[in-house]
Amino acid sequence: MNLLVHCAAVLTVAVLVVIVGYILVMGVPNLRPELFSVEYNSENVSMLPSLVNTLLAVLLTLVIAVPLGVMAAIFLVEYTTRGNKFVKVVRVTAETLAGIPSIVYGLFGMLFFVTFLKWGLSLLSGCLTLAIMVLPTIMRTTEEALRAVPDSYREGSFGLGAGRLRTVLSVVLPPAMPGILGGIILSIGRIVGESAALIFTAGTVAAIPMGVFDSARTMSVHMYVLSCEGLHIDATYATAVVLLIIVVLINALASFAAKRITKA
């Protein structure tokens with residue numbers, strides 16, 4: 001059993017090293033200054049607008065999804081009785097939503113936000129679709145983090161006369177914060193790497209949007225479009241390198257924040 005565990009660990013690390021190494025080998029030599037031009041055109045195929053759009057998409061999606069997911073988890077754990085049938089239905093529904101392919105979310109976003117609400121291919125349509133996609137992940141990870149907090153914390157707070165809301169905010173949430181941040185990190189990874197849903201909702205305009213109702217191309221969509229065109233494969237690999245660096249930096253910052261909160 002120990003041998004199998006070690007072999008699985010080595011195989012996992014080897015696959016990661018091969019994928020990252022291949023991206024770096026193919027992409028680093030193709031990093032050129034013109035790829036970071038302010039304006040995208042057919043000559044420089046700049047990734048800078050897509051980089052800004054990716055950061056905007058991450059920020060706007062988290063602003064929408066994190067409060068909803070965390071508050072829903074708090075309600076399910078702290079304000080409902082154990083064994084509640086409604087809670088079981090919500091959990092099953094969240095797990096089902098987490099397993100739906102992203103293209104289905106994209107078609108829903110196109111039919112509802114783009115067509116029915118007439119918002120068109122816009123940053124807002126894409127971010128709302130992404131928020132629906134990552135909401136189950138944030139909600140379930142937050143719920144598990146809250147359930148991991150010992151009941152003695154709550155009982156001690158109630159014994160000192162604190163109300164339920166004060167107990168949740170001051171006693172339960174702080175020790176659960178690393179787990180909540182873990183779910184947010186997973187959500188960021190899905191937001192940054194999503195392309196199928198955004199093609200149908202946010203569009204493929206390679207320009208920095210002036211508002212939430214303007215179309216926006218993220219880096220993953222930028223990579224997809226360039227690879228489909230087949231004219232700038234070198235720029236596709238260079239974009240992949242920058243995207244990989246962004247994901248690593250975001251995860252590192254989130255992990256650092258989680259450690260600081262845990263120490264505090």
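Small disclaimer: the values here were computed from a predicted structure and weren't measured.
- Between F213 and W119, the ring planes are perpendicular. Angles over 60° get that label, and only those under 30° would be called parallel.
- Partners of E39 according to the salt bridge (Lys or Arg N to Asp or Glu O under 4.0 Å) rule, which considers only residues two or more places apart in sequence or in another chain, do not exist here.
- Within the 4.5 Å cutoff, side-chain heavy atoms of L68 are placed close to those of L135.
- Scanning both residues, V45 and H222, for their nearest heavy atoms gives O-NE2, 3.7 Å.
- Within 6.0 Å of atom OH in Y153, 12 or fewer heavy atoms from other residues, nucleotides or ligands are found, so the atom counts as exposed in its surroundings.
- Transitive grouping of hydrophobic side chains (ILVMFWY, heavy atoms separated by less than 4.5 Å) keeps V63 and M133 in distinct clusters.
- Put simply, the side chain of L128 reaches to within 4.5 Å of the side chain of I64, judged on heavy atoms.
- Between the side chains of S125 and S122, at least one donor N or O lies within less than 3.5 Å of an accepting N or O.
- Enclosure of atom CZ in R32 by more than 12 non-hydrogen atoms of other residues, nucleotides or ligands within 6.0 angstrom is indicated.
- Using a cutoff of 4.0 Å between basic side-chain nitrogens and carboxylate oxygens, R140 and E144 are scored as salt-bridged.
- With a 4.5 Å cut-off on side-chain heavy atoms, L62 and I191 count as touching.
- Side-chain atoms of S220 and S195 include no donor-acceptor pair closer than 3.5 Å.
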